[in-house]
Amino acid sequence: QSALTQPPSASGSPGQSVTISCTGTSTDVGGYNYVSWYQHHPGKAPKFLIYEVNKRPPGVPDRFSGSKSGNTASLTVSGLQAEDEADYYCCSYAGRNNLVFGGGTKLTVL
Amino acid sequence: EVQLVQSGAEMKKPGESLKISCKGSTYSFTNYWLGWVRQLPGKGLEWMGMIYPGDSDTRYSPSFEGQVTISADKSISTAYLQWSSLKASDTAMYYCARASRLTALGRDALDIWGQGTMVTVSS
């Protein structure tokens, strides 16, 4: 299956909100409410941010929120902080126990 | 603390075999799906496949079926990713990650990640 489509980059100033999109098809994002999001600081292990489209695991700040409409999922980071600068990846269940990741979005805090 | 600890960096030649490991601790290793994710240099994350250590049920991404073998030894809470004949294009960072049981499906989101194993294949 093809990777989900994310913008290569996004940016915002401290305190602002940024939304990152993740577009798939009816066989992945559009077909299931099993979209997750990860934050990845280079050289570190990815961090689990969102599951089942809009749920936050314990310990994840409510500045991170997820949504979905049709074949496109979105991650919104509110109240941007310097430490939010990282790569962000979406991931969707694609049936038959397969997952598919997005290409990643580099978030820059200006 | 729940964690996954991966084996160290590897440097190999094309055609050689390799098996890297991922050891789970402080959780019931047999009751969670465990997946492998590849990150090529400068690129994004790619799903490779996963295993359920409780019964060794293994599923592969179509892109990696036949290219790698995923296995697990539940007696020592360790999962493995192996290659029989490495290629230069296998040069990448490889992560293992536990599937979260917060989700209804139990195998669609990855909550605990290992630190990564860098594999370099060069003649």
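Being a predicted model, the structure only gives us computed values, none of them experimental.
Minimum heavy-atom separation, B/L45 to A/F101: O-CB, 3.2 Å. The two residues A/H40 and B/Y95 have their closest heavy-atom pair at NE2-OH, 3.2 Å. Here the closest heavy-atom approach between residue B/Y60 and residue A/N98 is recorded as O-OD1, 3.3 Å. The two residues A/L99 and B/R107 come nearest to each other via the heavy atoms CD2-O, 3.8 Å. Contact record, B/A109 with A/Y51: CB-CB, 4.0 Å, taken as the closest heavy-atom pair. Pairing each heavy atom of A/A45 with each of B/G114, the nearest pair is CB-O, 3.3 Å.
At a threshold of 4.5 Å between non-hydrogen side-chain atoms, the residues A/P57 and B/D111 do not count as touching. Contact check for B/W47 versus A/C91: no side-chain heavy atoms found under the 4.5 Å cut-off.
Of the residues considered (B/P62, B/G49, B/G116), B/P62 shows the highest number of contacts with chain A, using heavy-atom pairs under 4.5 Å. Your options are B/M50, B/Q115, B/M48, B/K43, and the one with the most heavy-atom pairs under 4.5 Å with chain A is B/M50. Ranked by heavy-atom pairs shorter than 4.5 Å toward chain B, the options A/P58, A/A3, A/P46 are led by A/P46.
Hydrophobic cluster membership differs between B/I51 and B/Y80, with clusters built from Ile, Leu, Val, Met, Phe, Trp and Tyr side chains linked at under 4.5 angstrom. Residues A/Y88 and A/V53 share a hydrophobic cluster, clusters being chains of Ile/Leu/Val/Met/Phe/Trp/Tyr side chains in contact below 4.5 Å.
Aromatic ring centres of A/Y38 and B/W113 lie closer together than 6.0 Å.
Heavy-atom distances place both the backbone and the side chain of A/Y34 under 4.5 Å from chain B. Using a 4.5 Å cut-off between heavy atoms, B/A104 touches chain A through backbone and side chain atoms alike. B/M93 does not touch chain A: none of its heavy atoms, backbone or side chain, sits under 4.5 Å away.
Between A/K55 atom NZ and B/S100 atom OG the span is 10.5 Å, to the nearest 0.5 Å. In this structure, the separation between CD on A/E52 and CG on B/L105 is 8.5 Å, given to the nearest 0.5 Å.
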